[in-house]
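A, B, ... follow the sequence lines: proteins, then strands. Residue 1 opens every chain.
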Amino acid sequence: MADKNTNIRVRFAPSPTGALHIGGGHTALFNWLWARHTGGKFILRIEDTDLVRSTKEYEQTIMDGMTWLGLDWDEGPDKGGDYGPYRQSERLDLYRKYAQQLTDEGRAYRDGEAVLFKVEPGQDISFDDMVYGRVEVMSDALKERDSDKLKDIVIIKSDGMPTYNYAVVIDDHLMAISHVIRGEDHISNTPKQILLYRALGWDVPTFAHLPMILGKDKKKLSKRHGATSVYEYRDMGYMPDSVFNFLALLGWSAGDDEIFTREKAARLFELSRVTRKPAVLDPDKMNFINQEHLKRLDPMTRLAMIRPFWEEMGLPVDKHDDTWLAEALTLMAGRGRTAKEMAEFSDYFVSFDPVKARWDGSDIAEDRKPGLRDFFAALFAVTDWTPEALEAQARKWTEERGVRMKDYAMPLRFVLTGMKVSPGIFEVAVHLGRDEVKRRLEHYGLI
RNA sequence: GGUCCCAUCGUCCAGAGGCCCAGGACACAGCCCUUUCAAGGCUGCGACGCGGGUUCGAACCCCGCUGGGACCGCCA
């Protein structure tokens, strides 16, 4: 798509009744991708016509969630634009105006305080979806449940507020939306909306529905599937880049390379290549993608990612130099799939306290201690405090005595980290520094 | 119950009639590397739901069945 199409306008229209859901994030993401790919505009519209459930706090939370994911919008309630206002609650006069027009034309009628749109039988309300292709529907299908009676469409509720199916048509048209990209759960709402577009004499936008995201049990994602808001992923230590990457892979693929940046995804994205099958969310894949992004981070950025988790664990992060901490994490690279895991697996760099807390040294038999003391003394005899020199010394020492390296490296690992796994133990020792290693050995009476 | 949609490894995606006795990724198993665990390298396991057509030829087209999903609210 060489020519930038500035007429392409898409929107994400959440209702502020909760934090940004993973499904909502997915929808917002695909709209963003299409806008950025085509050079069009991405609009944020708040659908707050449900008076009781909508709050300003949730509105802010949703915007924060989108920002966290790296999805920036061109027009919205916070930044304005030529097609505002961008909150449905501020557009009530518009909905009333067109409802009145439809009523005057005899297309709609009042029912108490509400206004209903009359559905006529025999109308073809099929449409071409950019993802699903031709969707065939007749207006005769718009029946009441368990009945053959046609069901008219409520456009204004008794409380004076517009219904979703009506407001969305008014707004998408007035905001000059070219492509309506939304979840597949809206596919059956589309024919009703087409009826409204026609009655108003407006052009119908292009529709593109996205496959649903399902839980492991193949049911629509909900609370009981664990993490459902993007914030839960943030709090578990997933990078925004990873969540973006993972979500982009649900219903679409960029080709051979599955780890990519927002920019690359935007460049490669094609609506016509979106899948139709509902996608099951796979936490394993999410972990893998996060680990890959964590590995690719530059040291200081990685530190910024891990730091809050160390702080949350109550570790004295400020006592250390940032560069030194970042280097410790470089040693950890590839270990830990989330920032939280990485923070937990590397706590011994920040403080000796967690080491003492989880290992008291009692599982080292007394008769082994003399040998270990000899070994550690040999290590401290090394003047060149580098991983290579220490390892060479350790190897020499163990070979001369015909003993196994692991029988001495493992105790050292426990002394320094309190864990049975860690990066190369000589690298850990060197990074901690001679004095700190000595201090930890002394604590366990091994030097 | 009605309407609409979907149907390739356990999962996510490739595949747009011959290039497919189906390819990649995650997960899983094994091997290598190794002081541990990861990472990395290699190997393996594993799918076109079923039945009819159409065609010289079908994972790809058509029909039926089965299975799954979504919707049927004065919620969005």
Side-chain angles (χ1 to χ4, degrees), chain A residues 13-17 24 47-50 52-54 88 111-116 126 129 131-133 135-138 140-148 151 153-168 182-192 209 211-212 214 216 218-220 246 249-259 272-273 275-289 291-292 295 332-337 341-342 345 391 394-395 398 404-414 417 419-426 428:
Chain A
S15 58
T17 54
E47 308 216 324
D48 55 350
T49 55
D50 184 336
V52 292
R53 294 197 301 148
S54 301
Q88 290 189 326
D111 178 18
E113 293 300 300
V115 181
L116 310 217
S126 305
D129 190 283
V131 172
Y132 285 85
V135 178
E136 308 262 8
V137 192
M138 291 299 288
D140 306 66
L142 269 26
K143 291 178 294 198
E144 287 179 2
R145 190 167 186 145
D146 297 322
S147 158
D148 279 333
K151 186 172 188 191
I153 302 168
V154 178
I155 59 176
I156 300 287
K157 299 184 269 184
S158 296
D159 64 0
M161 298 300 269
T163 57
Y164 163 76
N165 278 128
Y166 172 66
V168 79
R182 73 227 308 193
E184 189 250 43
D185 48 343
H186 286 300
I187 211 162
S188 50
N189 282 322
T190 307
K192 296 177 195 165
H209 289 89
M212 295 279 91
L214 275 25
K216 196 84 190 160
K218 301 220 176 181
K219 296 281 185 249
K220 197 172 168 180
F246 178 64
L249 249 17
L250 256 26
W252 179 70
S253 74
D256 46 327
D257 192 5
E258 294 207 298
I259 307 298
S272 59
R273 286 187 59 81
T275 297
R276 285 166 285 272
K277 194 178 65 167
V280 175
L281 194 112
D282 180 9
D284 284 330
K285 183 103 176 195
M286 175 75 245
N287 285 334
F288 168 76
I289 288 173
Q291 185 171 38
E292 289 303 310
K295 281 197 288 195
M332 293 297 299
R335 274 166 259 254
R337 299 179 301 183
E341 275 186 4
M342 194 175 269
F345 296 166
E391 181 168 350
R395 210 166 282 290
T398 51
R404 294 187 303 178
M405 170 83 105
K406 64 184 297 188
D407 291 333
Y408 293 82
M410 274 319 270
L412 178 58
R413 174 167 283 110
F414 270 102
T417 73
M419 300 186 194
K420 61 180 185 296
V421 303
S422 80
I425 198 57
F426 300 117
V428 172

**Student:** What integer number of Å spans the C1' atoms of B/C20 and B/C75?
**Tutor:** 47 Å

**Student:** Rounding to a whole Å, what distance do you find between A/Gln291:CD and B/C26:C1'?
**Tutor:**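 Distance, rounded to whole Å: 12 Å.
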
**Student:** Any donor-acceptor pair, under 3.5 Å, between the side chain of A/Arg335 and the base of B/C37, if you only look at N and O atoms?
**Tutor:**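 Yes.
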
**Student:** Taking only the P atom of each, what is the distance from B/G30 to B/G51 in whole angstrom?
**Tutor:** 36 Å

**Student:** If I compare all heavy atoms of A/Met419 with all of A/Arg413, which pair ends up nearest, and what's the gap?
**Tutor:** O-CG, 3.2 Å

**Student:** Which part of the nucleic acid does A/Gly424 contact within heavy-atom distance under 4.0 Å: base, sugar-phosphate only, or nothing?
**Tutor:** base

**Student:** Taking only the P atom of each, what is the distance from B/C63 to B/C6 in whole angstrom?
**Tutor:** 12 Å

**Student:** Rounded to the Å, how far apart are A/Asp282 CG and B/U11 C1'?
**Tutor:** 5 Å

**Student:** Can a donor-acceptor pair be found, under 3.5 Å and without considering hydrogens, that links the side chain of A/Glu113 to the backbone of A/Asp159?
**Tutor:**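 Side chain of A/Glu113 to backbone of A/Asp159, a donor-acceptor pair under 3.5 Å: no, none is there.
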
**Student:** Taking only the side-chain heavy atoms of A/Tyr132 (C-beta and beyond), determine which of B/U35, B/A14, B/C5 contains the nearest atom.
**Tutor:** B/C5

**Student:** When rounded to the nearest Å, what value does the distance between C1' atoms of B/G49 and B/G69 take?
**Tutor:** 16 Å

**Student:** Do the side chain of A/Arg404 and the base of B/U35 come within less than 3.5 angstrom through a donor-acceptor pair of N or O atoms?
**Tutor:** no

**Student:** Starting at atom CD1 of A/Ile259, determine the distance to atom C1' of B/C13, rounded to an integer number of angstrom.
**Tutor:**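 Atom-to-atom, A/Ile259 to B/C13, this comes out as 13 Å.
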
**Student:** Between B/C50 and B/C45, how far is it from one C1' atom to the other, in whole Å?
**Tutor:**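 Result for the C1' pair: 25 Å, nearest Å.
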
**Student:** How does protein contact run along nucleotides 61-66 of chain B, one letter per nucleotide 5' to 3', with B for base contact, S for sugar-phosphate only, - for none, heavy atoms under 4.0 Å?
**Tutor:** ------

**Student:** Using only atom types and a distance under 3.5 Å, with no angle test, would you say the side chain of A/Ser126 pairs donor to acceptor with the backbone of A/Val137?
**Tutor:**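 At least one qualifying donor-acceptor pair exists.
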
**Student:** Under 4.0 Å between a side-chain N/O of A/Lys277 and OP1 or OP2 of B/U8, yes or no?
**Tutor:** yes

**Student:** Identify the two heavy atoms, one from A/Phe414 and one from A/Lys420, that lie closest to each other, and give their separation to 0.1 Å.
**Tutor:** CZ-CB, 3.8 Å

**Student:** Looking across every strand, which nucleic acid part, if any, lies under 4.0 Å from A/Thr275 by heavy atom: base, sugar-phosphate, or nothing?
**Tutor:** sugar-phosphate

**Student:** Taking all atoms of both residues into account, what is the closest heavy-atom pair of A/Phe426 and A/Leu412, and its distance?
**Tutor:**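 Result for this residue pair: CE2-CD2, 4.2 Å.
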
**Student:** Within the 4.0 Å limit for protein heavy atoms, which parts of nucleotides 69-76 of chain B are touched? Write it as a string from 5' to 3', B for base, S for sugar-phosphate only, - for none.
**Tutor:** SSSBSBBB

**Student:** Using nucleotides 22-25 of chain B, report all nitrogen or oxygen pairs with the protein that are shorter than 3.5 Å.
**Tutor:**
{"unit_1": "B/A25", "atom_1": "O2'", "unit_2": "A/Glu258", "atom_2": "OE1", "d": "2.6"}
{"unit_1": "B/A25", "atom_1": "O2'", "unit_2": "A/Lys285", "atom_2": "NZ", "d": "3.3"}
{"unit_1": "B/A25", "atom_1": "N3", "unit_2": "A/Lys285", "atom_2": "NZ", "d": "3.3"}

**Student:** If the condition is side chain to side chain contact (heavy atoms under 4.5 Å, CB included), which residues does A/Ala279 pass it with, not counting sequence neighbours?
**Tutor:**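 So A/Ala279 forms a side chain to side chain contact (heavy atoms under 4.5 Å, CB included) with A/Leu250.
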
**Student:** Distances under 3.5 Å only, N/O to N/O: pair up the protein atoms with those of nucleotides 15-17 of chain B.
**Tutor:**
{"unit_1": "B/G15", "atom_1": "OP1", "unit_2": "A/Arg273", "atom_2": "NH1", "d": "3.1"}

**Student:** Let's test this: given Watson-Crick or G-U wobble pairing with both distances under 3.5 Å, identify the partner of B/C33.
**Tutor:**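 Its partner is none (no Watson-Crick or G-U wobble pair with both distances under 3.5 Å).
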
**Student:** Could you list the residues that satisfy side chain to side chain contact (heavy atoms under 4.5 Å, CB included) with A/Asn189, not counting sequence neighbours?
**Tutor:** A/Tyr164, A/Asn165, A/His186, A/Lys192, A/Gln193

